[in-house]
*Asks:* 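Here it is, the structure in full.
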Amino acid sequence: MILSALIFILVAGGMLAWMANRWYPGSAKWVALATVGIELVLTIWLWLQFASAMALPAHGGWFAETRAEWIPRFGVSFHLAMDETSLILVMLTAFLGMVSVACSWTEIQERAGFFYFNLLWTLAGAIGVFLALDLFLFFFFWELMLVPMYFLIAIWGHENRRYASIKFFIFAEGSGLFMLVAILALVFVHYRSTGVLTFDYFELLNTAMSPSTGLWIMLGFFIAFAVKTPIVPLHVWLPDAHTEAPTAGSVILAGVLLKTGAYGLLRFVVPLFPDAALQFAPVAIALGATGVLYGAFLAFAQTDLKRLVAYTSVSHLGFVVLGIFAWNPWSLGGAVMQMIAHGISTGALFVIAGILQDRTHTRDMRRFEGLWSVMPRLAAMGLFFAIATLGLPGMGNFVGEFLILMGLYRVNSVLASVAAVAFVASVVYALALVQKTFHGENKHDWQLPDLSGREMATLYSMAAITLWLGLYPQPVLDAAPDIASRPPAIAVADREGNAE
Amino acid sequence: MNPPPSALHPDFMALSPLILLSGSAIVVMLAAAFCRHPRPVMMLTLAGLVLSFASLFLPQGIGSRQITALLILDTYALFFIGLIFAATFVVAVLCYRYFGGSESRHEALYILLLLAALGGGILVASSHFASFLLGLELLSISLFALIAYPRFTERPLEAGIKYLILAGFSSGLLLFGMALVYAQLGTMQFAKIGTMLAAPHQALELYGLAGLALIVSGVAFKLALVPFHMWTPDIYEGAPAPITAFIATVSKGAMLALLLRYFLMAGAHQSQPITFALSLVAVTTILVGNLLALLQDNVKRILAYSSIAQLGYLLVGFLAFGAMAAEAVAYYLAAYFVTMLGAFGVVAVLSRGVPEQDSGSLADYAGLFWHRPWLAGVFTAMLLSLAGIPLTMGFIGKFYVLAAAISASLWLPVIVLVVGSAISLYYYLRIIAAMFSSDSNADHGKEISPPVPASLAESITLAALTGLLIGLGIYPALLVPSLETMAVQVAGLAEHSTLAYVSWNGK
Amino acid sequence: MLSLLWLIPTLPLAGFLVLALGGKYLGHRSIAVIGTSSTALSALIAILIGMDFIAAPPPGFVFRQEAWSWIAVAGFSPGIGFYLDALSLVMVLVVTLISFLIHLYSTEFMSGDEDYARFFAYMNLFVGSMCILILADNLLFLYLGWEGVGLCSYLLIGFWYRDPANGRAARKAFIVTRIGDTAMAIGLFLLFTHLGTLDIQPLMQCAGQQWPEGEGLAILTAALLLAGAAGKSAQLPLQTWLPDAMAGPTPVSALMHAATMVTAGVYLIARTHVLFTLAPVVQHAVAVIGALTLLLAGFSALVQTDIKRVLAYSTISQIGYMFLALGVGAWSAAIFHLVTHAFFKALLFLSAGVVIMSLHEEHNIFRMGALRKKLPIVFWTFLIGSASLAALPLVTAGFYSKDLILWRAWSSAGGNPWLWAAGWGGAILTGLYIFRVVFLVFFGEARTAMPPGTARPGLRITLPLIVLAAFSLVGGWIETPPFLGNLTLFSSFVQHALPPAQAVHGEKNDETILELLAIAASLGGIALAYLLFLRYPAFLQGMMLIPAFARIREFWQSGWGFDRFYEFLFVRPYLWLAHADRRDVIDNIYKMALSCMLRWLQKVDPHDVINTIYNGLAGLCLFLHRALSATQSGQVRRYAAAIATGSIGILFIGIFA
Amino acid sequence: MRTVEAIAAIPMHHGLVLAAILFALGMIGILARRNLVFILMSIEIMLNAAGLAFVVAGARWEQADGQVMLIFILAVAAAEVSVGLALLLLLYRRFQTLDADAVSKMRG
């Protein structure tokens, strides 16, 4: 019940925001804020609730479940369930929802009602993705969240928004269809072997299939998630979409939507196809490592601030892919950690980029320079999050990256070492960002107001969370899938055997 | 001797929808002759349609019923007849103000509309070459006149002529094909032809095969499958928007329903050449339709190409054969009806006031969302449905088709379908992006004629369509069980298993 | 008392938080008070703890304290925990004490700076991180401190952010050290993967039990840790960042780039000495690297003109001595030199800072001179520091520590005459280059007029100088060679944490001879400096006219060309590639098919299709679109023809398929 | 009886070939002629060819069905032609031409 509420509050809030703005212009943001506020409070309440429930043994990992018949013809049910991984991602979504409402507060003046409608619906879709345990329902939400996101980019985006939004939509939807095909194939394979037509995650978990079938079906899933995550050859939509989206859009894209891809890998690809995933893991790991380095490298090359941050996402999510396909407790803990930490730190960088764009009307770093003396608070926050991005210990990203690579080292020490080169590459781009934007002489004579109270509250809270994640990451690490309790885990022992 | 109504001949009961519709056509004709005012005529038309639609539910208890050799009225046929009548109802509502409302004299239009619907109904129910021919021609000839109804304007006229020639040509092909098949097999009943073709020892001679091929060509023309698709954009663009909706839905849907029934019956999937030809056609149709729409600037033409592609998707579901295919096609067709009616409905509502040409160009839609949000919202929903985005019937339809195709392991068409859908996103998004673009200064200069508000009837109709689109998109279970029984019934004639999805056992 | 251990890093960190968040609202005075008192308190606590530790040693000479469990995943459970033993106690005492003195110095030195609060915030952050580095009880927490000091180094080198050159130096420092850090991180992965823990003590035990001497994994790990240490301590081949790091304010150079942070590498190797003992190859490499570095840096220091760069190269060189000591297994000698070096090098930097300040940011020693009279206190302190650096016999701390290293380089199991010779040569160089500075700056004639009205350094500057000078003189008397009383207070204390060095080559007599040689070296170096730079300066000027010498000088001055080499090998290609690939080559690949298509299309269609073509696949689609659109001619007969063709096609399929 | 036999004596193939030739003629007419009136006539020829084929087939199976179909076809053709001619009249009024290729305003 509570799970459906999580989704429907946002859906209803979105509609209400739209309506309200027609009657009382300017009220949409308050409605939106209230909605995400309720959402956040609810998730925190859930978390506290479950944190105490965790103390009790034998929970099977699932906290809450909602199940209702939907399309009995196909064995499709409205099946939501929440375990720690979903919970933590839902919390992230709610928090970033709050952030994105806050950062749109003054940025969005035109058509605010429709804007918040889209924003909240995107969040609703994302939460649906994190909670759905019916493959049909999952796909439903998966596709659903793209539409409002498309509108966010296409209507409130920057100069090149049409190109970016269409590219985003075609990549995401097109790959989604491959996943649909794969879902159906899996369902029918299951049907053939058991005679039960169902889309239920648990039922499909132990589907027997031939190795080649498994590989093909898994690839269908993988493509969809690889586009969203993104994994390197399929990342090209991301820089455009992130760059052109309005601030809130960028925050949600980077913080939440990319996570849905990683979540998909974590929840579906590996558990549903353990053998195929094992077979495919070297390729995925190689792709992930490529992504880590390539993203870091390209981030350095950018002159557009938002584009730089966008490429850092490619790099960071590459780590997540590594963590997932290494599939051992350390790397998985790291992957979940990295997802959360990346959501916060990159989100914050986008907020900063948005503030800069709002005040200077440019994102070109060659035109900034020397902003430290103009807006020291903003610059300090920029420095802070740049450092978080480069993975300094004490911040969340470090915990994630370190654990991922440590886990990966067990599986593939060479690629782990190669990926570790990103530690250096990330310093290069993060410091380039700081140097080009904040340091140096204020040659362009910027006269800009520093952070307002609202912006400070947003950024400070994000900074506090980043530090908290870095120094006391345990709650998030506990949220990683407990591979011992999940049936089709890739045996770590096997891998160890291979590694040596 | 006045037999009480209950003692009416059951055939008569079963035929009541068609009879009522013919009756109302005559009544409308008489009314139009005496009362030269469109409003009552339209009312009568709508009443007739409602009555006929209501009578659909009468013979339900009787079940499958063969009425002479010519017609079969089972749930399958009734479902599609109902669909056709409903679509005609919507078209009639859209026509009224489109053609000038009470000021203009367009009463005759409704006669033609009713006749065309009747033709469609007969087509769906036909089980014999003769009824097939009659239904088809009733539909086609009414359409010639309907398309060219604004007869003093250029484009409708051109479209009418083109359709006339090409439809005549394809009728010729169809009829000649029928004659050849008849010459080979000695029967004109579909059911018998089907069983004869399905019989393993039956080998057709050359002219029999040629006959079948010609029939397929004739049907493919109506369905606008590649390479018989070329008329579609021109006719869609030229015809008045509501009539375009009618062509896109009724004329295609009726033919497809018929085709599906007899393909199932003939067990055509066992024939390698037919499956091969169909897959080829489906694949090319999807690709060609989507590619043609890519950079098109005329919304009606985009929708035309899109409808070509949609038929390609349908054909993929079709290829799966069996009950699942019937179900998938039926659902997809219903979704397609709703969507196309909605989309062309929006075009029709926007078009009034522009006499020569419907508001087709993409520029007419720029910023639509900001001055007519509801209309643009409906259009967006329709386009998203065509693109197969969740929350809409189009999504469930595509899901259904994919499910059917995958359950039959039709990998190539499935992949093409996916690729085609990805391509199609581009042009749907172009329209949507245009509607949401905020070039407010651009359309200030354009507002020569203030937009005509949609009439109440139109608004209700569009709202109802949207409601249906989303309602059945979210909760398809409302429709699915009836489709399921229907499909099992029609497919059960060929294969006597209740769960005859596919022939995977053979794999 | 020991339980207050956690306060040592926490106090400066708290100071950092206060200054970072509230610095805007505080006056100079309160900033100074907060900044300095936090380090003063932590120094005080360190001293108290030290006294307690010595007076009532905890069991096993080890005290542990865990604040909370940091990460706990499947057996990987590093905590936020502190570990105090003899080694870390020595380190933490030195660090907090020097930090306090330098903070005190800075309150006056930096008083004119607009970013006063920021400076102290960073400095406090540094002290906190450094203490974490030292006190961490597991390698991951140590790594946190390790990276933290790297960050502070970056922040403080680039403190004056308006000048892009400072930013460049700061980034260079961070990136180069990060290269070493990455290697170290990989080392940590390896350690955990094979030994199952990162807690230092269990880890060392485990390694000792599981790995035989010379085990491949041990060699690999030790090599990776060595890379980390070399990066942080500016040893070959990662030494290039330190001279540039002098772009930061002088107190920063004194604190981080001389006394404390750069010696972290030495500390790391000492901390993980078990691994190095298990990997004799690597340990030998440590010695060789140390020897090479001390020579190379010594030569470079000889020709620098910037006073701070001289000191920077000197630092590299002195850390080379420490590495040499570590490499030969003289752990306590290395740490001893670390301690004395911290005092005299901090002293030298601080004194140099006053000189530079007095001459209004003049760094070039050739434009100084005759400052002996004008800055008497600074003269004396600088002289004491130099003497200690040059290991002036008997009276200076540097003499005792360097001497010990030279002896160990000869006598230890890992030592050999070559290493000794390198150290000995380095000793001559040390005396030569540092007294070159002394003579050029404080003697001779004034080459830059000291601007009138330059305030004499106040008490907050002079006090730290005096204290440090005192330590530079007397600090060595806790460990003396056999013929000078044979005190072993230091080494016997440190032996609780580090194994003692064993002399295997050489007799007692040798030691005396070698001592005498070392004394000769340091005196010789000083004398040579006197001759060359004060007495007969013309000689060198004449030499420089010879192109070969000039070129050598240039070569040395540029740090043996490492910078240029790396520039060509790494930096340029990276920049070039980055520039070339700014538009993302993968995106371009998708657009590839497009380019030829495009040309063709432009012939067909004069409109600007580029705007509408999105990528290569889209190009293909567009091409097909055009081709197909051409078939939609609008002519009804063509349509009919298509239908006819289609039906014939179907006929053929029907017949032949 | 004689007449029936006489007709039945004609091999069915002959009739079908004749119908096919007629059909092909009609088809070629549609494809080759530009005048819309001729095109309409060609359609008529095709339909009639189909009618002939039906009659021939009916003869083969000795059923009246073929002839029934012919009558249907005639009726349909007549309806079609009447609508067609009406449209042609309007077209001529509007375009002043009956050239099929000229009627191609819509394309693309």
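Just so we're on the same page: letters track the sequence lines, and every chain starts at 1.
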*Asks:* Let's test your reading of the structure: which of A:L390, A:V399, A:L408 forms the most heavy-atom pairs below 4.5 Å with chain C?
*Replies:*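 Sorted descending by pairs with chain C, the first entry is A:L390.
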
*Asks:* Are C:Y143 and A:F398 an aromatic pair by the rule of ring centers under 6.0 Å?
*Replies:*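 Here the rings of A:F398 and C:Y143 have centres that are less than 6.0 Å from each other.
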
*Asks:* Hey, could you give me the CG/CG distance between A:L467 and C:L17, rounded to the nearest 0.5 Å?
*Replies:*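 The CG atom of C:L17 is 8.0 Å from CG of A:L467, to the nearest 0.5 Å.
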
*Asks:* Are any of the side-chain heavy atoms of A:L405 and C:I186 separated by less than 4.5 Å?
*Replies:*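 No - every pair of side-chain heavy atoms lies 4.5 Å or more apart.
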
*Asks:* State the OH-CD distance between C:Y161 and A:E369, to the nearest 0.5 angstrom.
*Replies:*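 Output value for this atom pair is 12.0 Å.
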
*Asks:* For A:S426, is it the side chain, the backbone, both, or neither that has a heavy atom closer than 4.5 Å to a heavy atom of chain C?
*Replies:*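 Interface part for A:S426: side chain.
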
*Asks:* Starting from the C-alpha separation in whole Å, work towards a yes-or-no answer on side chain to side chain contact (heavy atoms under 4.5 Å, CB included) for C:Y154 and A:V434.
*Replies:* CA-CA 12 Å; C:Y154 161 76; A:V434 172; 3.7 Å; yes

*Asks:* Is the backbone of C:A72 close enough, under 3.5 Å, to the side chain of A:Q474 for a donor and an acceptor to pair up by distance?
*Replies:*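 Yes, because the side chain of A:Q474 sits within donor-acceptor range (under 3.5 Å) of the backbone of C:A72.
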
*Asks:* Any side-chain heavy atom of C:F192 sitting closer than 4.5 Å to one from A:R410?
*Replies:*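 Of all side-chain heavy-atom pairs linking A:R410 with C:F192, at least one is under 4.5 Å.
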
*Asks:* Of all of A:A380, A:A425, A:S417, which one pairs up most often with chain C through heavy atoms under 4.5 Å apart?
*Replies:*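 Among A:A380, A:A425, A:S417, the one with the most close pairs to chain C is A:S417.
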
*Asks:* If you round to the nearest 0.5 Å, how far is CZ of A:F402 from CG of C:L144?
*Replies:*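 C:L144 atom CG to A:F402 atom CZ measures 11.0 Å (nearest 0.5 Å).
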
*Asks:* Count the heavy-atom pairs under 4.5 Å between each of A:P376, A:A416, A:A420 and chain C, then report the option with the highest count.
*Replies:*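 Going by pairs under 4.5 Å, I would pick A:A420.
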
*Asks:* Mind checking whether C:H194 and A:Y409 have parallel, tilted or perpendicular rings, split at 30° and 60°?
*Replies:*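 It falls in the perpendicular class, over 60°.
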
*Asks:* If you define the side chain from C-beta out and look only at heavy atoms, does anything of C:W68 sit under 4.5 Å from A:L471?
*Replies:*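 A side-chain contact under 4.5 Å exists here.
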
*Asks:* With a 4.5 angstrom heavy-atom cut-off, is it the side chain or the backbone of A:L403 that approaches chain C, or both, or neither?
*Replies:*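 Only the side chain of A:L403 comes within 4.5 Å of chain C.
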
*Asks:* CH2/A:W330 to CZ/C:F76 distance, rounded to the nearest 0.5 angstrom?
*Replies:*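 CZ of C:F76 is found 10.0 Å from CH2 of A:W330.
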
*Asks:* Quick one: what part of A:L383 sits under 4.5 Å from any heavy atom of chain C, side chain, backbone, both or neither?
*Replies:*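 For A:L383, the side chain is the part near chain C, not the backbone.
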
*Asks:* Taking the side chain as C-beta and beyond, is there a heavy-atom pair between C:R162 and A:S373 under 4.5 Å?
*Replies:*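 They are in contact (side-chain heavy atoms under 4.5 Å apart), so the answer is yes.
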
*Asks:* In Å and rounded to the nearest 0.5 Å, what is the CG to CD1 distance from A:L477 to C:I71?
*Replies:*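 Here the interatomic distance stands at 6.0 Å.
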
*Asks:* Got A:Q435 and C:R168 here, is their nearest side-chain heavy-atom distance under 4.5 Å?
*Replies:*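 With C-beta onward as the side chain, the pair stays apart.
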
*Asks:* How many angstroms lie between CG in C:L188 and CE in A:M406, if you round to the nearest 0.5 Å?
*Replies:*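 Interatomic distance, C:L188 CG to A:M406 CE, rounded to 0.5 Å: 9.0 Å.
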
*Asks:* Looking at A:F423, is its backbone amide N or carbonyl O close enough to the side chain of C:R178 to form a donor-acceptor pair, meaning the two atoms are under 3.5 Å apart?
*Replies:*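 Indeed, once roles are kept as given, a pair shorter than 3.5 Å links the two residues.
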
*Asks:* Is there a side-chain contact between C:W70 and A:Y472, using heavy atoms and a 4.5 Å cut-off?
*Replies:*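 No, too far: nothing below the 4.5 Å cut-off.
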
*Asks:* If you compare all heavy atoms of C:T182 against all heavy atoms of A:V421, which two are closest, and at what distance to 0.1 Å?
*Replies:*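 Residues C:T182 and A:V421, closest heavy atoms: CG2-N, 4.3 Å.
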
*Asks:* What residue, out of C:N166, C:L155, C:L140, has the most heavy-atom pairs lying under 4.5 Å from chain A?
*Replies:*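 Heavy-atom pair counts peak at C:L140.
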
*Asks:* Measure C:F141 against the heavy atoms of chain A and call it side chain, backbone, both or neither at under 4.5 Å.
*Replies:*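 Neither the backbone nor the side chain of C:F141 comes within 4.5 Å of chain A.
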
